[in-house]
Protein chains: 2
Amino acid sequence: MEQDALDRAFMALADPVRRAMVARLSRGDATVNELAEPFAITKQAVSKHIQVLEHAGLVTRSRDAQRRPVHLDAAALERLTAWIDQYRLLAESRFRQLDELLGASQNAAASHPEQENPEQENTAKKKEELR
Amino acid sequence: MEQDALDRAFMALADPVRRAMVARLSRGDATVNELAEPFAITKQAVSKHIQVLEHAGLVTRSRDAQRRPVHLDAAALERLTAWIDQYRLLAESRFRQLDELLGASQNAAASHPEQENPEQENTAKKKEELR
DNA sequence: GTCTTAATCAACCAAACGGTTGATCAACCG
DNA sequence: CGGTTGATCAACCGTTTGGTTGATTAAGAC
């Protein structure tokens with residue numbers, strides 16, 4: 001996924017109205033009027049929100065006479081979680097490695113009692129040093 | 001997760017500079033100067049970006065003399081994927097249910113040959129009707 | 001003390017965002 | 001045909017965003 005697409009996708013989800021639309025669309029396709037119904041804004045504003053979602057690749061639109069049903073693209077959502085998880089898992093695994101490593105050094109600290117602050121403070125400090 | 005927090009979190013990720021910072025931080029904590037290094041913008045601008053990430057709850061900051069190391073909060077990232085997946089999975093499961101349902105109705109269509117367009121068009125149309 | 005380093009605060013600016021009103025297009029209905 | 005419905009286009013407006021420059025705070029280093 002390119003930077004620009006990620007920009008637009010995350011930006012699209014950064015608005016509560018558009019997130020509510022995504023929530024609604026997860027239960028099935030909907031028209032502009034149906035999507036507008038829960039909100040106290042003009043239909044033009046709703047139309048713009050949908051265009052933002054569409055330009056972000058999160059939804060697609062078809063034609064049904066004068067209606068323009070909106071369809072949520074689950075694959076696009078999956079690409080977003082994939083981006084986040086990539087770094088979340090990296091950070092988590094690094095954290096787990098440190099926990100193991102500190103489990104070992106805790107024993108070492110017990111055998112070197114010259115430390116004046118031998119509790120969890122120690123753990124936090126070691127984690128910072130290891131960046 | 002509250003609406004406001006989601007607003008700020010998704011907004012924070014909607015900028016390529018801040019996403020690059022998240023990527024960098026997934027490999028370990030970093031200072032403002034370290035985070036600024038890859039970018040051709042002033043350190044003040046970088047500082048603002050970090051504040052955006054911090055206010056969004058995606059990173060935390062500690063003190064080390066005059067340095068202010070930034071730490072990525074993996075749990076916050078997890079809350080974001082949880083929000084997305086909630087609706088992604090709903091949409092996907094609905095899609096799967098339709099596929100099963102259409103497997104059955106395809107047989108029915110074969111026994112009612114008055115249909116003038118009995119191929120995949122049929123599938124798309126039935127999926128739309130079922131919203 | 002003075003000097004350097006790390007980072008922030010403050011004021012400003014152009015561009016983008018979310019919203020409005022008013023006009024227009026496109027397809028069905030009678 | 002004219003009228004209604006669904007939706008968009010166009011112009012405008014206040015606020016926010018991402019960036020700048022310049023001044024300031026805070027902690028070491030000499």
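Letters A, B, ... mirror the listed sequences (proteins, then strands); counts begin at 1.
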Partner set under side chain to side chain contact (heavy atoms under 4.5 Å, CB included) for B:Ala76, not counting sequence neighbours:
B:Leu58, B:Asp73, B:Arg79
Just the endpoints, please: which first and last nucleotides of DNA chain C, 5' to 3', lie under 4.0 Å from a heavy atom of chain A?
C:dC17 to C:dC28
Can you pull out the residues from residues 43-54 of chain B that lie within a 4.0 Å heavy-atom distance of DNA chain D?
B:Gln44, B:Ala45, B:Lys48, B:His49
Is there a residue in residues 7-16 of chain B whose heavy atoms reach under 4.0 Å of DNA chain D, and which residues are they?
B:Met11, B:Asp15
B:Val70 and B:Asp29, any side-chain heavy atoms less than 4.5 Å apart:
no
Any donor and acceptor pair, going by atom type alone, linking the side chain of A:Arg94 with main-chain N or O of B:Ser26 inside 3.5 Å?
yes
Hydrophobic cluster identity match, A:Met11 and B:Met21, side-chain contacts under 4.5 Å:
no
According to the side chain to side chain donor-acceptor pair (under 3.5 Å) rule, which pairs have a member within residues 35-61 of chain B, sequence neighbours left out?
B:Arg18-B:His49
Pairing check on C:dG30: which nucleotide meets the Watson-Crick or G-U wobble criteria with it, both distances under 3.5 Å?
D:dC1
Any salt bridge linking A:Arg8 with A:Asp4? Criterion: basic side-chain nitrogen under 4.0 Å from a carboxylate oxygen.
yes
Side chain of A:Arg63, backbone of A:Ala65: donor and acceptor closer than 3.5 Å?
yes
Do B:Leu89 and A:Val22 land in one hydrophobic cluster if side-chain heavy atoms of ILVMFWY residues count as linked below 4.5 Å?
no
Ring pair (Phe, Tyr, Trp, His ring centres under 6.0 Å) partners of residues 69-88 of chain A, not counting sequence neighbours, each pair once:
A:Phe10-A:Trp83, A:Trp83-A:Tyr87
A:Ile50 with A:Ile41, same ILVMFWY side-chain cluster at under 4.5 Å
yes
